[in-house]
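Everything on this sheet refers to the single structure shown next.
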Amino acid sequence: TVTLEGAEGFKSLVTDTNDVTQVGTEVEGDQAVVLTVPAGSSRSKSFPIVPKKFGSVPIKVRAQSTLAADAVERPLLVDPEGEEKDFSKSYILDVSDGDKTLDLSLALPTEEQGLVAGSARAVVSVMGDMMGSTISGFDSLLRMPTGCGEQTMISFAPTVYVNHYLVATNQRTQ
């Protein structure tokens, strides 16, 4: 018996014995089929599914005979259809004379304009420095010198520039 365990992330499509999908027959819960597998051979069975959410959906299949059993679970990554679009907006908020509040609004396209339902997301990042987004990657620029003189000079240059910036902005620590 081969069983596809049901999960919240998808619905199973019912198929006939020839693996032909029966239109409009989505079901939830476990789907099991009994297969006869002669010695020294193999068989396959497809379980068509329809994902119900975006992201990682766990898929678990069990196989069991009178002598042994096994199971495998793998994540299925479900991406929204269409083309991903990113928008960015930057603001400078001067708080030198006290606390400030900034109200922002987010305008999303409608489903009629091509938005895939459930795919919208927003990220807000606040930096305390004009160079904040640049500084967040400094650690990947710093390296210990290795190799010949030319390789050392090329890989060591970013370290010199990072150090110069940190000294100039009084952010360098020992």
When you look at CG of Asp97, are more than 12 heavy atoms from neighbouring residues, nucleotides or ligands closer to it than 6.0 Å?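 Counting other residues, nucleotides and ligands, CG of Asp97 exceeds 12 neighbours.
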A side-chain contact here means heavy atoms from C-beta on lying under 4.5 Å apart; do Val2 and Val34 qualify?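 The answer is no, as the side chains (C-beta and beyond) never meet within the 4.5 Å cut-off.
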A side-chain contact here means heavy atoms from C-beta on lying under 4.5 Å apart; do Val33 and Thr1 qualify?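 Val33 does not reach Thr1 side chain to side chain.
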Please output the side-chain donor-acceptor pairs of residues 65-82 that fall under 3.5 Å, not counting sequence neighbours, one pair per line with the distance.
{"unit_1": "Ser65", "atom_1": "OG", "unit_2": "Leu67", "atom_2": "N", "d": "3.1"}
{"unit_1": "Ser65", "atom_1": "OG", "unit_2": "Ala68", "atom_2": "N", "d": "3.1"}
{"unit_1": "Ser65", "atom_1": "OG", "unit_2": "Ala68", "atom_2": "O", "d": "3.2"}

Compare every heavy atom of Thr3 with every heavy atom of Ala32, then report the nearest pair and how far apart it is.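 Between these two residues, the closest heavy atoms are CB-OG1, 3.7 Å.
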Of all the heavy-atom pairs spanning Leu35 and Lys45, show the shortest one and how long it is.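 Closest approach of Leu35 to Lys45: CD1-CB, 4.0 Å.
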One pair to check against side chain to side chain contact (heavy atoms under 4.5 Å, CB included): Leu4 and Ile59. What are the steps and the verdict? CA-CA 8 Å; Leu4 170 68; Ile59 305 290; 3.8 Å; yes
To the nearest 0.5 angstrom, please state how far the NZ atom of Lys52 sits from the NZ atom of Lys11.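 Lys52 atom NZ to Lys11 atom NZ measures 6.0 Å (nearest 0.5 Å).
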